[in-house]
Amino acid sequence: MVYHITFIPGDGIGPEVAGAARRCVDAVSDKYGFGVKWDESIAGEPALDETGSVLPDKTLNSIRKNKIALKGPITTPVGEGFRSVNVELRQKLDLFANVRPAKLLPGVKSRYEDIDLVVIRENTEDLYSGIEFAEGGKQVAELIRFIKRRTGRSVRRDSAISIKPISIFGSERIARFAFDYAKANGRKKVTAVHKANIMKYSDGLFLHTAEKVAAKYKSIAFENMIVDNMCMQLVIKPDLYDVLLCPNLYGDIISDLCSGLVGGLGMAPSANIGNNYAVFEPIHGSAPKHAGKNEANPTATIMSSAMMLRHIGEHKAAQALEDAVIKVIKEGKKVTYDLKAKNHVGTKEMADEIIKKIE
Ligand code: NAD
């Protein structure tokens with residue numbers, strides 16, 4: 001069996017961590033008797049320079065053809081410039097579920113003893129819709145007048161406005177995904193995270209839809225929590241939680257918080273899943289200050305590639321790769337700077353050690 005997989009190295013630390021994960025997949029596939037043919041594709045700044053588009057059709061079509069991609073992080077300019085390629089990719093391929101596990105591995109320094117959380121983040125709606133009106137423009141002035149007419153409420157004239165759409169369709173399918181995930185993975189409880197006390201319509205709709213879906217899954221406990229309280233609860237007693245069902249923005253923030261409970265961003269993998277395609281990537285970004293220095297932790301991307309192997313049905317290979325990562329981290333000899341203050345190794349050397357330990 002040969003799998004065709006799109007490979008997007010990304011930028012910043014992307015090529016280093018994604019390259020490490022690719023080598024791990026090659027090694028484990030050799031051992032477990034299947035092949036992987038990588039279709040290397042570009043996106044982000046390098047693609048803009050080469051093709052004039054940050055997300056070239058060629059890259060999208062490669063994923064459409066292969067159905068599966070492994071991706072490194074891609075930089076998004078802050079407060080200006082092009083919109084996030086990552087968000088565009090998720091929207092264009094309708095990768096509506098972002099699965100972000102945060103599990104504390106033996107040997108990782110943490111303030112906690114036993115953390116095993118999964119954030120299920122809605123990936124296509126909310127404030128990530130990209131519908132925004134810049135301050136000072138004609139459109140925002142028109143919108144402000146419309147709001148005044150329809151609601152009687154005044155918005156300051158020098159405002160910028162971002163739109164937060166949340167639909168029954170989007171909320172229902174992500175809630176169902178969260179409960180199905182919980183059932184399939186032996187999880188006991190789903191907590192819906194929201195701010196429905198303030199955003200009564202958008203977050204309220206997310207919550208009410210989740211409640212309706214929850215009623216159909218009697219074997220899984222359900223509760224809801226306001227997002228600010230959720231942050232505090234996760235820091236104080238994270239062991240009380242299991243699957244966290246979140247709209248897009250809170251899911252992004254909460255999953256970074258969860259990564260901090262299990263050793264940091266270098267430890268947090270993810271999968272973007274839709275009905276037709278799946279893209280696997282670390283939750284962290286391109287970490288520009290570490291780029292090109294062979295110092296970033298490859299674990300998050302390697303664990304994302306293990307999620308990918310599970311997704312395509314190569315369960316034994318996925319387990320072997322995860323076990324190898326766990327062994328290397330537990331031993332604590334050949335790990336990166338974020339896992340060990342002194343005598344650490346580089347990205348490449350940690351990946352070499354993981355490859356050596358694959359059984
Ligand atoms: P970041 O996740 O890139 O890094 C924040 C910090 O986390 C780093 O400075 C570093 O200390 C640590 N870190 C991250 N990854 C690490 C690793 N593998 N090993 C060790 N330490 C690691 O967040 P940022 O600096 O806020 O964002 C940088 C860029 O990445 C931005 O342009 C942002 O838009 C983009 N981004 C992309 C994605 C994606 O491609 N899916 C996700 C998040 C952010």
Side-chain angles (χ1 to χ4, degrees), residues 7-21 24 41-48 54-55 59 69-93 95 98-100 102 105 108-109 119 121 123-124 127-128 130 248-249 251-273 278-305 307 325 328-329 335-341 344-351 354:
F7 178 71
I8 304 172
D11 55 37
I13 58 170
E16 297 162 69
V17 291
C24 288
S41 304
I42 49 172
E45 189 94 53
L48 188 64
V54 286
L55 186 54
T59 299
L70 179 63
K71 172 184 165 298
I74 296 172
T75 304
T76 310
V78 176
E80 56 182 18
F82 60 81
R83 290 197 170 276
S84 167
V85 178
N86 309 301
V87 171
E88 192 183 345
L89 188 64
R90 293 165 193 160
Q91 288 175 348
K92 285 216 161 124
L93 299 176
L95 304 168
N98 193 190
V99 181
R100 297 185 152 192
L105 302 182
V108 175
K109 274 207 192 99
V119 173
R121 166 193 177 196
N123 227 1
T124 61
L127 282 162
Y128 285 69
N248 208 336
L249 180 62
D252 196 11
I253 297 169
I254 293 270
S255 54
D256 267 40
L257 189 161
C258 291
S259 84
L261 308 176
V262 300
L265 280 167
M267 298 299 298
S270 92
N272 299 286
I273 311 276
V279 175
F280 298 82
E281 62 178 341
I283 78 167
H284 64 70
S286 54
K289 72 177 183 201
H290 298 290
K293 296 183 183 163
N294 187 39
E295 58 189 25
N297 184 349
T299 302
T301 321
I302 295 172
M303 290 305 233
S304 304
S305 71
M307 289 173 84
V325 171
V328 169
I329 291 176
V335 293
T336 45
Y337 82 96
D338 52 327
L339 295 176
K340 193 179 177 198
H344 40 260
V345 299
T347 313
K348 188 181 166 303
E349 293 70 29
M350 184 169 176
I354 291 168

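When a ligand or atom number is given, it counts from 1 through the structure's own listing order. All residue numbers refer to positions in the sequence shown, counting from 1. Quick caveat: nothing in here was measured; it's all calculated off a predicted structure.
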salt_bridge(E281, R90) N-O dist < 4.0 Å: yes
Within a radius of less than 6.0 Å around NZ of K293, do more than 12 heavy atoms belonging to other residues, nucleotides or ligands occur? yes
Whether R83 engages the ring of Y128 as a cation-pi pair (distance to the six-membered ring centre under 6.0 angstrom, angle to the ring normal within 45°) should be assessed. no
Which residues pass the side-chain hydrogen bond (donor to acceptor under 3.5 Å, both in side chains) test with E88, not counting sequence neighbours? K92
H344 meets the ring pair (Phe, Tyr, Trp, His ring centres under 6.0 Å) criterion, sequence neighbours left out, with none
Close-range residues for ligand 1, whose non-hydrogen atoms fall below the 4.0 Å threshold: I13, K71, P73, I74, T75, T76, N86, R90, L265, G266, E281, I283, H284, G285, S286, A287, P288, K289, H290, A296, N297, Y337, D338
Report the residues that fulfil side-chain hydrogen bond (donor to acceptor under 3.5 Å, both in side chains) with T301, sequence neighbours left out, ordered by chain and then residue number. none
